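Here's the structure, in C-alpha cells; my notes come after.
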There are 2 protein chains.
Amino acid sequence: MKLTLKGIARECGVSPATVSRVLRNDESFRVSPEIREKVLETVRRTGYQPDFAARSLRSSKSRMVCICGLKSMPHPLGVYSSMIDGTVSELQSHGYEALLDFSSNSVNESAYGMKFDGIISLDSDPSEGVQSYIRRNDIPCVVLSGSSEKKFDSVSADDPAALATAMDFLYSRGHRRVAYAGTMFDHQQDHICVEERFECFNKYLLNKNMDRLDVSRKTLYDAVEFLHGAIVREKVSAVLAFDHFSGLEVYRAAMLLGFKIPEDFSLISFNDVYPVARLVPAFTVMAVPAEEMGKLAARRLVLRMKGEISGAAEEFRLTESLIVRDSVKSI
Amino acid sequence: MKLTLKGIARECGVSPATVSRVLRNDESFRVSPEIREKVLETVRRTGYQPDFAARSLRSSKSRMVCICGLKSMPHPLGVYSSMIDGTVSELQSHGYEALLDFSSNSVNESAYGMKFDGIISLDSDPSEGVQSYIRRNDIPCVVLSGSSEKKFDSVSADDPAALATAMDFLYSRGHRRVAYAGTMFDHQQDHICVEERFECFNKYLLNKNMDRLDVSRKTLYDAVEFLHGAIVREKVSAVLAFDHFSGLEVYRAAMLLGFKIPEDFSLISFNDVYPVARLVPAFTVMAVPAEEMGKLAARRLVLRMKGEISGAAEEFRLTESLIVRDSVKSI
DNA sequence: CTGTTAGCGCGTTCAC
DNA sequence: GTGAACGCGCTAACAG
C-alpha cells in the first residue's frame, strides 16, 4: 500500500491540505504548533515522501534545474568538475535537484518534456534551443563561468585581476621576457576567458614596457615548436599558460626538448587542477575558485526561482588566488 | 497557451486517447494508418511534447535512471567519467534520462520522491538506502565497474586477464623483478579491483616463479619510499601500478629521486586516463574499456526496465587492452 | 487557522 | 478501431 499525503492526513486526523502546508513550509498559512509537530512526527515515522510527479504536475514546478552548455570535451572536466560539484550540492541544500545535460546544444529534447525550474549555463551564450526553452517556460538562468552581456546573471572568475596578479608575481621575480601559451582547443575559442586572458596579458606588457613576443598566441598549436621558439629565439625566461592543459603541454615540451623548469624557464598556469600539483616541479598557478563559483551561481538561481529577486541581471566576478609552488624561480 | 494532448486531439479531430496511443506506440491497439500519420504530423508541426510529470504520475514510470554510488572523490573522476558518458548517452538513445547522484550513500533523499525506473550503481555493494529503494519500487539495478555476487547484473573489466596481459608483456620484455604499487585511496579499499589486481599479481609471480617483493602492497602510502625500496633494495626492473593515480605518484617519485623511466625502471599502469598519455615518457597502460562498459550496463538496464529480460542476474566482464607507449623497455 | 473543492495532463479502463 | 469517463497524488483557491 502506497503512502500518500491523504494517508498521512487521515492518520493525523487533519485534512490533506494541512499536511501539504506543513510539508511545504507554506509561509502564508499559519499552522498550530501541535498539528505541525504531529504531522512532522507521522511523516518521520512512516518515511513518507511526497510524490515528485504529482507535486510537479499540480504546481508546475519541478524543483529540478538543468546544467547545460557543457561543451563536448576530449578531455576531463577540469575546473568544471568542481564547479558542477559546487552547484549541485548548493542546489540540493535548497531542495533542488540538478540534471547534467550531456547532450550538446539545446535543453535536451529527450528530457521528455521535463519542466526545469531554472538553468545553469556553462556557455556564455546559451544556444538558441536553450534560450527558447527559457523564454517559453519563463524561467531564470544563470551563466556560470562566463558573462552574458547582462542578459542573465553571471558568475565568473576575475581573469583581468588574476592575469595581473600572475604577471606581477613574475615581474617581481625579475622576469621581463614572458611568453603566453594559449588554449589548445578549438571548442574553447568562444569562451571569454581565452580572449580576456590574452588581451590582459598584452595590456600588461604594454603597461610595463615589456616586449611583446612573436611566439605568444591565443591558441597553442604545437607546444614543442612554441617552446623552442620561446626559449631559443626569444630568450624567454617565463611562460604563462592559459590553463592546465596548455601548462602540461609546455611541461611536456620542456621534457622533450631537454629544458628544465624552473632552471631554464619558469612556468605559471591557470587552474589548480589535477595533476598540476603532483608534477615535478609542482606548478605555480592561478586558481579559479571553481566550487565557490558553482555555489554562488546556484544561490543566485535559487533566489530567482523563488522569486526573491527579480531585477536586472548582475555580473559577479570572483577573485582567483595565486598558489605558489615550485615552477617559478627568481632571476 | 500550453500545448496538451487534448489540444492535439482536437486539432486532429480525434480523441485524446487515440493520440496517446499513437504517441506511445501502443502495441495492443491497432490504429488506422491515416489517423496515425495525421497525429504524428500534427505533433511534429506543433512541437508538442508530452508532459513529463503528468505522464509519470499516471503511469508511475519516470523514464529516469539514477546513477549512484559515486564515492566522494578528492580527485577527478578518471575512468568513471567515460563510463558515465557511455551510460548516459546510451540511456538517452533509448529515451531515458539519467540523474547523477552526487550525494553519497542512499538514493538521494532530497531527490524529492522521484520514482526512478532503474539504478546504475558504481558501488558493487549498494548501500542499504539504495537497496531498500530498489526493493520498495521493484526496479532493476545494474552494477557498473564491480560485481555483486549475482544479486544484480554487473559489468566490469576483466582484471584477472588484464593483469596477466600486463605481466606477460613485462615478462616478454625480460622483466623478472617487478613490484606492485597499490591504490592510494582509502575509499577504494572495498572496490573488488584493488583486491583482484593484487591477488592476480601475486598468483602470476607464483606461477612464473618470480620473486615476491616486500615493497609490493595493496596500498601505496608513500611513493617515494616505495620506489626507493623497490629500486635500491629490491633491484626491481619494473613497476606495475594499480591505476593512473598510483602510476603518476610513482612517476613523481622517480623525478624526485632522480630515476629515469624507462632507463632505470619500467612502468606500466592501469587506466588510460588523462594525463598519462601526455607525460614523458607516455605511460604504457592497460586500458579499461570504460565507455563501452557504461554502454553495456545501460543496455542491460534498459532491457530489464522494459521487461524484455527478467531472469537471474548475469555478470559481464569486458576485455581490457594493452596500449604500448614509452614507459617500458626491454632488458 | 483549517477544511472542501476542483483540477494539473496524461493513461487506462470501459463501452461503443 | 475509437471515444468518454475516471483518477494518479498533490496543491491552489476559496470557504468557513
Side-chain angles (χ1 to χ4, degrees), chain A residues 1-40 42-43 46-64 95 112-115 117 136-137 306-307, chain B residues 1-39 42-43 46-64 95 111-115 117 136-137:
Chain A
M1 182 53 202
K2 186 162 201 309
L3 220 44
T4 77
L5 192 155
K6 209 180 283 179
I8 303 290
R10 208 177 315 112
E11 188 105 355
C12 297
V14 296
S15 80
T18 302
V19 178
S20 176
R21 281 164 201 150
V22 173
L23 259 35
R24 284 177 298 119
N25 285 312
D26 191 327
E27 304 282 340
S28 59
F29 288 87
R30 312 206 55 71
V31 190
S32 76
E34 305 86 56
I35 293 195
R36 147 177 254 95
E37 206 26 71
K38 188 170 189 177
V39 169
L40 256 25
T42 311
V43 167
T46 56
Y48 164 76
Q49 277 210 315
D51 182 274
F52 171 81
R55 199 174 238 197
S56 173
L57 174 60
R58 181 61 234 211
S59 63
S60 53
K61 292 219 159 43
S62 63
R63 297 217 143 224
M64 302 216 65
Y112 206 67
M114 182 127 37
K115 289 181 294 263
D117 291 353
R136 284 202 313 274
N137 297 76
K306 290 188 174 166
Chain B
M1 181 53 205
K2 186 163 200 313
L3 220 45
T4 76
L5 192 155
K6 210 181 281 180
I8 302 291
R10 209 177 314 112
E11 189 102 357
C12 297
V14 297
S15 79
T18 303
V19 177
S20 175
R21 282 165 201 150
V22 338
L23 257 38
R24 284 177 297 116
N25 286 313
D26 192 326
E27 305 281 341
S28 59
F29 287 88
R30 312 206 52 73
V31 191
S32 76
E34 305 86 57
I35 293 199
R36 148 178 253 93
E37 205 28 69
K38 188 170 190 177
V39 169
T42 311
V43 167
T46 56
Y48 164 76
Q49 279 211 314
D51 182 273
F52 171 82
R55 196 173 242 199
S56 171
L57 174 59
R58 181 60 228 196
S59 64
S60 51
K61 292 219 158 44
S62 63
R63 295 215 145 227
M64 302 215 64
Y112 204 68
M114 183 126 37
K115 288 182 294 261
D117 291 353
R136 284 202 313 274
N137 297 75

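Because the structure is a prediction, the values reported are computed rather than measured. Note on naming: letters A, B, ... go to the chains in the order of the sequence lines (proteins, then strands), and numbering restarts at 1 for each one.
- Spacing between atom CZ of A:Phe52 and atom C1' of D:dC8 amounts to 15 Å, rounded to whole angstrom units.
- Here the nucleotide nearest the side chain of A:Pro16, chosen from D:dG3, C:dG11, D:dT11, is D:dT11.
- Here the nucleotide nearest the side chain of B:Ala17, chosen from D:dG9, D:dG3, D:dA12, is D:dG3.
- The side chain of A:Arg24 contributes an N or O atom lying less than 4.0 Å from OP1 or OP2 of D:dA12.
- Atom CD1 of A:Ile35 and atom C1' of C:dC1 are 8 Å apart (whole Å).
- If you check D:dG1, D:dG9, D:dA12 against the side chain of B:Ser32, the one that comes closest is D:dG1.
- Checking the phosphate oxygens (OP1, OP2) of C:dT2, no side-chain nitrogen or oxygen of A:Thr18 falls inside 4.0 Å.
- Under 3.5 Å, the side chain of A:Arg55 and the base of D:dG9 form no donor-acceptor pair of N or O atoms.
- Going from atom NZ of B:Lys115 over to atom P of C:dG11 covers 14 Å, rounded to whole Å.
- When each of B:Ala54 and B:Ser15 is assigned the nucleotide of DNA chain D with its nearest heavy atom, B:Ser15 is the one assigned upstream, toward the 5' end.
- The number of heavy-atom neighbours closer than 6.0 Å to NZ of B:Lys6, taken from other residues, nucleotides and ligands shown, is 12 or below.
- Picking from C:dC8, C:dC10, D:dC10 the nucleotide with the shortest atom distance to the side chain of A:Leu57 gives C:dC8.
- The two atoms that bring A:Pro50 and A:Leu23 nearest to each other are CG-CD2, 4.4 Å, heavy atoms only.
- Side chain of B:Ser59, nearest nucleotide from C:dT2, C:dG11, C:dC10: C:dG11.
- The A:Arg58 side chain lies nearest to D:dG9 when the options are C:dC1, D:dG9, C:dT12.
- Note that OH of B:Tyr48 and CD of B:Glu11 are 13.0 Å apart. Values are rounded to the nearest 0.5 Å.
- Taking all atoms of both residues into account, the shortest heavy-atom contact from B:Thr42 to B:Cys12 is OG1-SG, 3.1 Å.
- For the pair B:Tyr48 and C:dG9, the criterion of a side-chain N or O lying under 4.0 Å from OP1 or OP2 is not met.
- The separation between A:Lys61 atom NZ and D:dA12 atom C1' is 11 Å, rounded to whole Å.
- Here the straight-line distance linking atom NZ of A:Lys306 with atom NZ of A:Lys61 works out to 12.0 Å at 0.5 Å rounding.
- Atom CG of A:Leu5 is separated from atom P of D:dA12 by 12 Å (rounded to the nearest Å).
- Separating the CG atom of B:Asp51 from the P atom of D:dC10 is a distance of 17 Å, rounded to the nearest angstrom.
- Side chain A:Arg21 to base C:dG3: a donor-acceptor pair is found below 3.5 Å.
- Put simply, CD on B:Gln49 is 14 Å from C1' on C:dG9, counting in whole angstrom units.
- Distance CZ (B:Arg36) to C1' (D:dG1): 13 Å, rounded to an integer number of Å.
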